[in-house]
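Reminder, nothing fancy here: chain letters follow the sequence lines and each chain counts from 1.
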Amino acid sequence: MTNIEKVFLKIGSIDRRWIFIIIALVVVVPLLVPIGLPIRATDTSKSVYDAVEALPKGSKVLLSIEYSPSTKPENHPMAISMMRHLFRNNHKVYVTCLWPDGQFMAQDALNQVAVGEFDKKYGEDYVLLGYRPGGEAVVKGIVSNIRKLFSVDARQTKVDDIPMMDEITNFKDFDFLFSASAGYPGTIEWVQYAADPTGVPMSSGVTSIQVNEVMPYVQSGQMVGVLAGMPGAAEYESLIGQKGSATSGMDAQSVAHLVIVLFIVLGNISYFIDRKRSRKY
Amino acid sequence: MEFSALLGAWVASFLTIGIFSYLYKDNPFYKIAEHLFVGVSAGYLLSLGFWTQLQPNLFGRLFPAKHYDPDTITYTIYNVLSFFSSSIFPEGGIDKGHDQHLIYLIPLILGIMMLMSLIPSFSWMARWGIAYVVGMAAGLKAYGYLNSNVIGQIKGTAVNIFDFSLPIFSLSSPSVFNNLIIFVGTICGLLYFYFSKEHKGLLGKASKIGIYFLMISFGASFGFAVMGRISLLIGRFTDLITFSGSDYNYATFWVLILIVGVLGYAAFQDKEKEIVSSDDSDVFTEEE
């Protein structure tokens, strides 16, 4: 056995805790010392941006928040960027949540964007309808009669007393839907029970792990584009021209991916050397 | 800085590093963080579900303030309930903009029956509630899947492979090449799951091509899964870096020192115990 083969075999049998330390380092270092790698928007992210841009001023947009703090680094920048884009174009934003934790995620994003950056008025420019349990039953409820399901908003104000709810009775009254989703119930349920049956256009921002599940809906035209994980969020930040947490995380993301690819290559070389050796003896 | 923000940063640092400590090995810090997460999540879900759905949409429809009349049986029961909890059943009925719908007694009864699974002698009652939920979910799912995943996806894959008005090759936008890939990939992928005939000859070759398409799909899924996990790690590290500043009294560093110190000391003690026990077993062997 050559020395190189011995080195590869040793790499293959390394304690996995060393790999954890290396991954931690390659993530932390670019966060502390940013490289500034370029971010280029993909067609799917651009489609979402174009769809929002094409909406006439004052359109009614339903923004559904279905994620929890566990996927905040991926979904929250999407929700924030989408709110910035919607408020900048003076659309009316209606926020619902299919996940219980989504309510305070939505509250956090609204405080930052609607109140902090755009000084929008609650009940006239935006409303947080809040969370309702039931998954697809809630989506069906919104499609048939939203007022039956949300008789009060998240602040316990009656929807009849909220001015921007005057023209809203069901899902067809919205011009666009954006779902920031981390799983079930989420984007797929919105496609199945809301967008497909009614024809209201929808887009979504999903966690990386969901992209493969959601992409067929984008390619078949059932959805208009998709923001795919943290890179999707970073692309949207660059499209609206306002950098945020997703952009600052992309250096670390890229470097970590390179290191993981390197580990996979090294692991495979080690595996094949080991297999060859065991066949020999 | 507010005390609550400072405390939150310290708790977040402790829980994050506690969870990460599992990468070394299972330990009490990880257990504390895990149990806290499960408990808080369950409590939060229960509380939010009750106050956003049960109280306004169920009780609000059974006892609406609009129809409050203390002389009726319904509101006599309501007043008794109000005596026990005035926050759930406020005086004068629940004012959430609903009319009275006594048909909502059915879901209330079914819900109570589901809770009966906690009492072994009445656990059979839970089946009724579960049967309703399963039936409703199955009906809803069947419609959704048929409409979007079957019909919608068939429409999406019914592409014209001879549409030469499109460019011959393009990576992301529609092209003849991409249409061909969709056509071949869909047909071969479906043939792989056709089990009524042995996969030999033309069918065998087509199903093998189908496997390659599936493998590419699994590879993409794995890549996205890695990307997702790294994104979450970046999120946690971003917070830890923020909490390591002087504004938060260097929370990350102190918590890291505490956890690493305790785990290191425990590992050292374990090693000493191992040495002592191996010495004991040596003595025992010699005596034998």
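- Here the side chains of B:L232 and A:S70 are not in contact, with every heavy-atom distance at 4.5 Å or above.
- Across all non-hydrogen atoms, the minimal contact from A:Q222 to B:S148 is NE2-O, 3.0 Å.
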Decide side chain to side chain contact (heavy atoms under 4.5 Å, CB included) for A:H257 and B:M227; before the verdict, give the C-alpha distance in whole Å, the side-chain angles of both, and the deciding distance to 0.1 Å. CA-CA 7 Å; A:H257 281 198; B:M227 188 165 89; 3.5 Å; yes
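- For chain B, no part of A:D160 is nearby; none of its heavy atoms comes within less than 4.5 Å.
- Taking a 6.0 Å sphere around OH of B:Y132, one finds it holds 12 or fewer heavy atoms contributed by other residues, nucleotides or ligands.
- When each of A:D101, A:T207, A:I23 is checked for heavy-atom pairs under 4.5 Å with chain B, A:D101 comes out on top.
- Of all heavy-atom pairs spanning B:A225 and A:I209, the tightest one is CB-CD1, 3.9 Å.
- Heavy atoms closer than 4.5 Å to chain B are found in both the backbone and the side chain of A:A252.
- For B:I103, the CD1 atom sits in a loose shell: 12 or fewer heavy atoms of surrounding residues, nucleotides or ligands are nearer than 6.0 Å.
- Residue contact with chain B, scored on non-hydrogen atoms closer than 4.5 Å, is absent for A:E213.
- Side-chain atoms of B:N57 come within 3.5 Å of backbone N or O of A:L149 as a donor-acceptor pair.
- Distance check: A:I21 CD1 to B:Y24 OH gives 11.0 Å after rounding to the nearest 0.5 Å.
- Contacts of A:V191 with chain B are made by both backbone and side-chain atoms, with heavy-atom separations under 4.5 Å.
- Of the listed residues A:H76, A:R147, A:K148, A:M215, the one with more heavy-atom pairs under 4.5 angstrom with chain B than any other is A:K148.
- For B:F253, the CZ atom is loosely surrounded, since the number of other residues' heavy atoms within 6.0 Å does not exceed 12.
- If you measure heavy-atom distances from B:S217 to chain A, the contacts under 4.5 Å come from both the backbone and the side chain.
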Residues B:L45, A:Y131; criterion side chain to side chain contact (heavy atoms under 4.5 Å, CB included); working and verdict: CA-CA 11 Å; B:L45 185 67; A:Y131 163 73; 4.1 Å; yes
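- The most heavy-atom pairs under 4.5 Å with chain B, out of A:S151, A:G130, A:P197, come from A:S151.
- With a 4.5 angstrom heavy-atom cutoff, A:Y217 touches chain B via backbone and side-chain atoms both.
- The candidate from A:Q156, A:M250, A:Q219 with the greatest count of non-hydrogen atom pairs under 4.5 Å with chain B is A:Q156.
- Heavy atoms closer than 4.5 Å to chain B are found in the side chain of A:K140, but not in its backbone.
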Could you walk me through whether B:K141 and A:E189 pass side chain to side chain contact (heavy atoms under 4.5 Å, CB included), step by step? CA-CA 9 Å; B:K141 288 265 178 204; A:E189 283 65 37; 4.0 Å; yes
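- Of the listed residues (A:D43, A:I188, A:D15), the one with the most heavy-atom contacts under 4.5 Å to chain B is A:D43.
- More than 12 heavy atoms of other shown residues, nucleotides or ligands fall within 6.0 angstrom of atom CZ in B:F213.
- Proximity of a side-chain donor or acceptor of A:Y193 to a complementary backbone N or O of B:L140 within less than 3.5 Å is detected.
- Of residues 92-99 of chain B, those residues lying under 4.5 Å from chain A by any heavy-atom pair are B:D95, B:K96, B:G97, B:H98.
- For a residue to count as touching a neighbouring chain, one of its non-hydrogen atoms must lie under 4.5 Å from one of that chain's; by this rule A:A24 touches chain B with backbone and side chain alike.
- There is no contact between B:F20 and chain A, counting heavy-atom distances below 4.5 Å.
- The minimum heavy-atom distance linking B:L48 with A:P100 is given by the pair CD2-O, 3.1 Å.
- Per-residue counts of heavy-atom pairs under 4.5 Å with chain A were compared for B:A220, B:A158, B:G60; the largest is that of B:A220.
- If you measure heavy-atom distances from A:I19 to chain B, you find no contacts under 4.5 Å at all.
- Within the 4.5 Å cutoff, no side-chain heavy atoms of A:D196 are placed close to those of B:I151.
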Using the rule given for side chain to side chain contact (heavy atoms under 4.5 Å, CB included), can you reason through A:R16 versus B:L23, listing the C-alpha separation, both sets of side-chain angles and the distance that settles it, and then say yes or no? CA-CA 9 Å; A:R16 63 198 174 99; B:L23 297 175; 5.8 Å; no
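- Atom OG1 of B:T242 and atom CG of A:L31 lie 9.5 Å apart (nearest 0.5 Å).
- In this pair, A:F104 and B:Y44 present their aromatic rings perpendicular. The plane angle is above 60°, beyond the 30 to 60° band.
- Checking B:N149 against A:Q192 by side-chain atom types alone, a donor-acceptor pair falls below 3.5 Å.
- Counting heavy-atom pairs under 4.5 Å between each of B:P174, B:G235, B:G156, B:S231 and chain A puts B:S231 at the top.
- The number of heavy atoms from other shown groups lying within 6.0 Å of CZ (B:F37) does not exceed 12.
- Sparse packing is recorded around OH of B:Y250, with 12 or fewer heavy atoms of other residues, nucleotides or ligands lying under 6.0 Å away.
- Summarising the geometry of A:G249 relative to B:I234, their closest heavy-atom pair is O-CD1, 3.3 Å, with the distance given to 0.1 Å.
- For the options A:T71, A:V152, A:V211, heavy-atom pairs under 4.5 Å to chain B are most numerous at A:V211.
- Surrounding OH of B:Y212 are at most 12 heavy atoms belonging to other residues, nucleotides or ligands under 6.0 Å away.
- In this structure, the portions of A:Q253 lying under 4.5 Å from any heavy atom of chain B include both its backbone and its side chain.
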